[in-house]
There are 2 protein chains.
Amino acid sequence: MTDSTRQRILDTAEQLFADQGFHATTLRQITREAQVNLAAVNYHHGSKDALILAVFQRRLDELNSERLARLQSVLDASDPPDLEKVLGAFIYPALLLSTQSAGDGGRFMRLLMRAWAENATQLHGTIARQYSHVMRAFADAVSRALGTSPDNLRQQLDFLIGALTYTMAETTDGQVEETARALVRFGCAGLRDSALAQPRQTSLKENIA
Amino acid sequence: MTDSTRQRILDTAEQLFADQGFHATTLRQITREAQVNLAAVNYHHGSKDALILAVFQRRLDELNSERLARLQSVLDASDPPDLEKVLGAFIYPALLLSTQSAGDGGRFMRLLMRAWAENATQLHGTIARQYSHVMRAFADAVSRALGTSPDNLRQQLDFLIGALTYTMAETTDGQVEETARALVRFGCAGLRDSALAQPRQTSLKENIA
DNA sequence: GTCTATACAATGATAGAC
DNA sequence: GTCTATCATTGTATAGAC
């Protein structure tokens, strides 16, 4: 098969990256374990950095689709959407992914924090572009739930993303539900309180993260 | 001078790491720019990973000392300490460091997120050990400000650390005060609300992050 | 103790045959 | 698409000068 090579590389790379980190994992190790030729990685993905990026793209596509689907359900349920449920639609799929991503023990999302490192320019930029659509949708939903302008929420949503990202790296299988509930509660309180402070509608310069 | 070589390596490495990332920066580039011999890095620091760790140690020592000093001032001011000021003592020095660290343009703390990547085991573990003293002191102060057990605050403080870390990577010079105020407010609201949910005193298994 | 010059195995990447 | 052979560059180790 021609396409199975590409996918086999992706699967093996994801597992090895999660276990050993990006730098410690060599292309020779990946290709040996995936039973493909060394040059196949560069042929199918271009470079090692591009392979790392491809590993992320696949998971982030799942994650963001799931988030948007859940958000739509929440928006359909009530017109001023429920803030807790909006944040839940953002947080819960991420924590789920962090502990049970497709086959491997569940250590995939530890890579998200690992990944900010290495090729920060290319990878962080691409991830940000991936998130920008989702971020816009959620910022809009949160703003309607609170009755404030979406612009003022960017910073607080960044706080939430930071807390979520950091938490993903530390959460293990059994704690997903409990952790998600705690983080939703934490974020709701912070957002509601910040909304009281800035009820006006000003616009800040764009700062996508 | 005998000590200037070690420090020159540290300074040059910090700047290059911040600009290009850890992996992209080679030892030959560092030693060339610092005008020292290639082997000097391994002689003074042991390895490239150890050099990365040393770069962090230096800044984290400053940061944690500053945090504890400010915390002491807050504790001296009033016996049930003011929660806003406690969080400020934790957050403000970090954001300051992230934008104006010792000479270089201020891109140092961008490394903190970058760093969780590469040698996650050794570096993340050592950083956690560095933070554990500070974390304990702040958890204690927050618990007294709220009137709850410190154990129940671990998770919420982790949320705050995540938000802070993520924010540090994105904050630029002019936004320190404003960002710190917003993050303090966000964290206070989350902590106060979570304290209402769990006023009991149970103990969870240790999970230092 | 510090520093230098040099050497080494392993890595990511590429070119060209099939 | 896949493979073999090969390249420049990397982090690290060592031997020896000051």
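No hydrogens, no waters, no symmetry mates; every other heavy atom, side chains included, goes into these values. In what follows, chains carry the letters A, B, and so on, assigned in the order in which the sequence lines appear, proteins first and then strands, with residues in each chain numbered from 1.
Scanning for side-chain hydrogen bond (donor to acceptor under 3.5 Å, both in side chains) contacts around A:Thr12 gives an empty result, with sequence neighbours left out. Scanning for side-chain hydrogen bond (donor to acceptor under 3.5 Å, both in side chains) contacts around A:Thr31 gives an empty result, with sequence neighbours left out. Applying the salt bridge (Lys or Arg N to Asp or Glu O under 4.0 Å) test to B:Arg70 and every residue at least two apart in sequence or in another chain returns B:Glu66. With sequence neighbours left out, the side-chain hydrogen bond (donor to acceptor under 3.5 Å, both in side chains) criterion links B:Glu33 to no other residue. Take B:Glu84 and apply the salt bridge (Lys or Arg N to Asp or Glu O under 4.0 Å) test, not counting sequence neighbours, and it matches B:Arg192. For B:Thr26, the side chain to side chain contact (heavy atoms under 4.5 Å, CB included) partners at least two apart in sequence or on another chain are B:Arg28, B:Gln29.
A perpendicular orientation is assigned to the rings of A:Phe138 and A:Phe90, their planes being inclined by more than 60° (bins at 30° and 60°).
Whole-Å rounding puts the A:Tyr43 OH to C:dA15 C1' distance at 15 Å. The distance between atom CZ of A:Arg32 and atom P of D:dC3, rounded to the nearest whole Å, is 15 Å. Per the geometry, CG belonging to A:Asn37 stands 14 Å off C1' belonging to C:dG16, to the nearest Å.
The terminal axes of the helix from C:dG1-D:dC18 to C:dC18-D:dG1, fitted over 5 pairs per end, subtend an angle of 10° to the nearest 10°.
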When the side chains of residues 181-191 of chain B are checked against the rest of the protein, which donor-acceptor pairs come out under 3.5 Å, sequence neighbours left out?
residue  : atom : partner  : partner atom : Å
B:Arg185 : NE   : A:Asp193 : OD2          : 2.7
B:Arg185 : NH2  : A:Asp193 : O            : 3.3

Dump every N/O contact between nucleotides 8-12 of chain D and the protein below 3.5 Å, one line per pair.
residue : atom : partner : partner atom : Å
D:dG11  : OP1  : B:Lys48 : NZ           : 2.8
D:dG11  : OP2  : B:Leu27 : N            : 3.0
D:dG11  : N7   : B:Arg28 : NH1          : 2.9
D:dG11  : O6   : B:Arg28 : NH2          : 3.0
D:dT12  : OP2  : B:Lys48 : N            : 2.8

